[in-house]
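So the structure is just underneath, and the comments pick up after that.
What you see below is based on every heavy atom in this structure, not just the backbone, and it leaves out hydrogens, waters and symmetry mates. In each ligand, atom 1 is the first atom listed, and ligand 1 is the first ligand listed.
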Amino acid sequence: MPTQPELKRPQVVTRFAPSPTGHLHIGGARTALFCWAYSRAEAARQGTPPAFVLRIEDTDQARSSESAAKGMCEDLAWLGITWDEGPRHERTGDAGDHQVIGGDPRHVGPFFQAQRLHLYNKYIMQLVEQEKAFPAFEKAEELDAKRREATSRKQTYHYDNTAALAIPLVERLHRMKPVSEGGKGEPHVVRLRVTGEPITVQDQVLGEVSYAAGEVDDFVLRKADGFPTYHFAVVIDDETMGVTHVLRAQEHLNNTPKHVALQQALGFASPIYAHMPIICNMDGSKMSKRDKAKTARAAAKTAIQKDPAISPGAIAQETGLDPAALADFLAQNNDSIEIAEALGRRFGVTLPEVEVEDFRAAGYLPEAITNFIALLGWSPGGDIEKFDTAFIAERFDVHRIGKTSAKFDRMKLLSFNTDAITTMAPAEFNRRFHQWARDYAPPLAAVFPDSAAPRWEMLCRAVQPRCKTFKDAADQTAFLLVADDQVTFDPKAVEKVLKKIDPATGSGAALLAGVVSVIEGVVEFKPETIHAAIEAFAATKNLNIGKIAQPLRVALTGSTVSPPIDATLALLGKASSLARIHRCLQTA
Ligand code: GLU
């Protein structure tokens, strides 16, 4: 039974090979992190330079884009997962630091598969001439009909190579050859002639995984458009880039026998494989981009059921969505992200973060994310749960990757993030929160253009101890972006905090009216002086400062939640504060 030969290469080379068809999925980030960490851990063990390759698998021309590839580079760089070899990427960090990532020190590039066609074609011709692969001239419709027929007979479809193999080699070559080179230039695909022996994959995580004879059929290596299939390109590239270890998601396990069959046909040594456990939601379903659609669909359906005024037609009209596409979405016939996002906005639901960009926009820190995703299927042993990427790079070992699926516990990630944010040095928080605001909350950054200004520092001091994410911090300061005459007072808060009469202290509105002159009297309008003045006012009434703070909060922000009251007042400034209080007393 053929198995993969022993690997004898001095330097460990790992690679992350995303298809640039969208944003980087959080599962992809875990794969990249493990590959990155393993290359570093092994380089240190062996005294060799680390070699982690980033390869862009853009052979699906219709679905790939350069901007998606760039976005993936950006996401990886943001997470601190830097590649030693691969596309060059320039990054300016939030501290103004400049970094150039990538390059080609071993001369194994280019790193975009679409730029490697000559290499794939060379190997294709070698296999065809050796009769280990063959051109197949059947039309796609012919094969589709056969596939449908097999399905209707409840049989697994297998490609029948009889006709293709009956063509003599010389004729095959002539029919394949372009007309410009004197051939017939017939449309065709190239298929591997699979020997039909059983194949065993030696997996570092799952052990031996065996595939019976006949499970792999004569699969396509080169498509009719002249581009290699994923299977072919991946095998050629892993070999020609000297990749020694392929760490990838378990979803790829069933592709691996194909790759092994191909390596055997080409006389390549197989790399060492390690397939990582699937990442699941807490309910056990596989975590996927579709989760966004699921959440949005559920929100829309609940709203439609509850409120007769809400119908799919009305939603389409309000959101500008195409009614037919929306109907399809609601019937689970498509999982469009655009529709999911539009419905999320319409019904005020937060869609679950799935891509790195989602977590970034939601104000998560890269160090919290890498710490958290490192634990999805790996552990350093002992009870150690909090660590940085340097620790992962030092300790990472393929043998500590688990077999069972990993649960994506969002509460745990949030708690990692909260810890990282609240324990950050204040100067760093000021800088990083400002950078985040520039990228994801431009109105906030516009009101506070300078991260070194005392007002921004004051804002940061107020929110840092009580926020879970940067977005959370921004939400807590949203009252600063509203014009004084646009504050909307939450009716419930008005009722409870301002109108209700407390037998001992009277109404909140009366206290609010009483505190006006106190605020007017504060000369240097900063948190300490404001605090002292309100405290003194509260003391004259034998009250705790909180009793004064709540009515003030409602007047200043419209709600009962805000940063500490002294900071809230100081951030607004005296004039705005007084304007809001007067307006509240008159209108609320
Ligand atoms: N391009 C493949 C993907 O994005 C990865 C292939 C591999 O790791 O072998 O899923």
Side-chain angles (χ1 to χ4, degrees), residues 4 12-39 51-66 68-73 75-76 81 83 85-87 108 110-116 120 201-206 209 216 219-221 223 227-263 266 268 270-279 286-290 354-357 377 398 401:
Q4 297 96 297
V12 163
V13 179
T14 60
R15 57 37 165 209
F16 176 54
S19 305
T21 53
H23 287 293
L24 181 63
H25 187 282
I26 195 77
R30 179 194 61 171
T31 302
L33 177 66
F34 285 9
C35 292
W36 172 87
Y38 192 57
S39 70
F52 167 53
V53 177
L54 175 64
R55 180 172 75 223
I56 306 295
E57 304 212 322
D58 56 351
T59 55
D60 185 342
Q61 288 285 287
R63 296 180 60 226
S64 300
S65 78
E66 221 181 289
K70 211 163 165 248
M72 289 181 161
C73 289
D75 287 341
L76 288 171
I81 304 172
W83 50 102
E85 303 176 18
V108 295
F111 297 95
F112 284 80
Q113 288 185 327
Q115 293 168 19
R116 298 170 68 82
Y120 307 132
V201 174
Q202 308 282 355
D203 191 89
Q204 297 293 301
V205 175
L206 303 166
V209 186
V216 176
F219 58 96
V220 176
L221 305 181
K223 297 174 277 186
F227 275 81
T229 56
Y230 152 67
H231 302 297
F232 190 62
V234 95
V235 165
I236 299 300
D237 288 346
D238 284 343
E239 169 69 16
T240 53
M241 292 179 175
V243 171
T244 58
H245 290 70
V246 171
L247 276 59
R248 62 184 171 198
Q250 223 175 80
E251 287 87 340
H252 284 294
L253 178 67
N254 288 340
N255 292 328
T256 312
K258 289 190 169 137
H259 302 173
V260 172
L262 197 41
Q263 284 147 0
L266 286 156
F268 296 166
S270 293
I272 288 173
Y273 286 104
H275 287 91
M276 291 174 281
I278 288 172
I279 303 177
K286 193 178 149 198
M287 191 177 170
S288 91
K289 277 191 211 170
R290 251 174 256 140
V354 179
E355 286 145 352
V356 172
E357 171 62 19
V398 170
I401 300 179

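- For ligand 1, the atoms closer than 4.0 angstrom to any heavy atom of S19 are 1 (N), 2 (C), 3 (C), 4 (O).
- Residue contact check: R248 has heavy atoms under 4.0 Å from atoms 7 (C), 8 (O), 9 (O) of ligand 1.
- Between R30 and I279, the closest side-chain pair of non-hydrogen atoms falls below 4.5 Å.
- Taking a cut-off of under 4.0 Å to the non-hydrogen atoms of Y230, the atoms of ligand 1 that pass are 6 (C), 7 (C), 9 (O).
- In this structure, a donor-acceptor pair under 3.5 Å is absent between the side chains of D60 and Y230.
- Atom CD of E66 has 12 or fewer heavy atoms from other residues, nucleotides or ligands within 6.0 Å.
- Counting only heavy atoms of the protein, atom 8 (O) of ligand 1 lies nearest to R15 NH1, 2.7 Å.
- Counting heavy atoms under 4.0 Å from ligand 1, residue P18 touches it through the backbone alone.
- For H23, the NE2 atom counts as loosely surrounded, since its 6.0 Å shell holds 12 or fewer non-hydrogen atoms of other residues, nucleotides or ligands.
- For ligand 1, the atoms lying closer than 4.0 Å to a non-hydrogen atom of V234 are 9 (O).
- Taking the six-membered ring for Trp, H245 and F52 have ring centres at least 6.0 Å apart.
- If you check which protein heavy atom lies closest to atom 10 (O) of ligand 1, you get H252 NE2, 2.9 Å.
- T31 OG1 to L247 CG: the interatomic distance, rounded to the nearest 0.5 Å, is 8.0 Å.
- Inclusion of A17 in the set of residues having an N or O under 3.5 Å from an N or O of ligand 1 is warranted.
- When all heavy atoms of G22 and M72 are compared, the pair lying nearest together is O-CE, 3.4 Å.
- Protein heavy atom at the shortest distance from atom 1 (N) of ligand 1 is E57 OE1, 2.6 Å.
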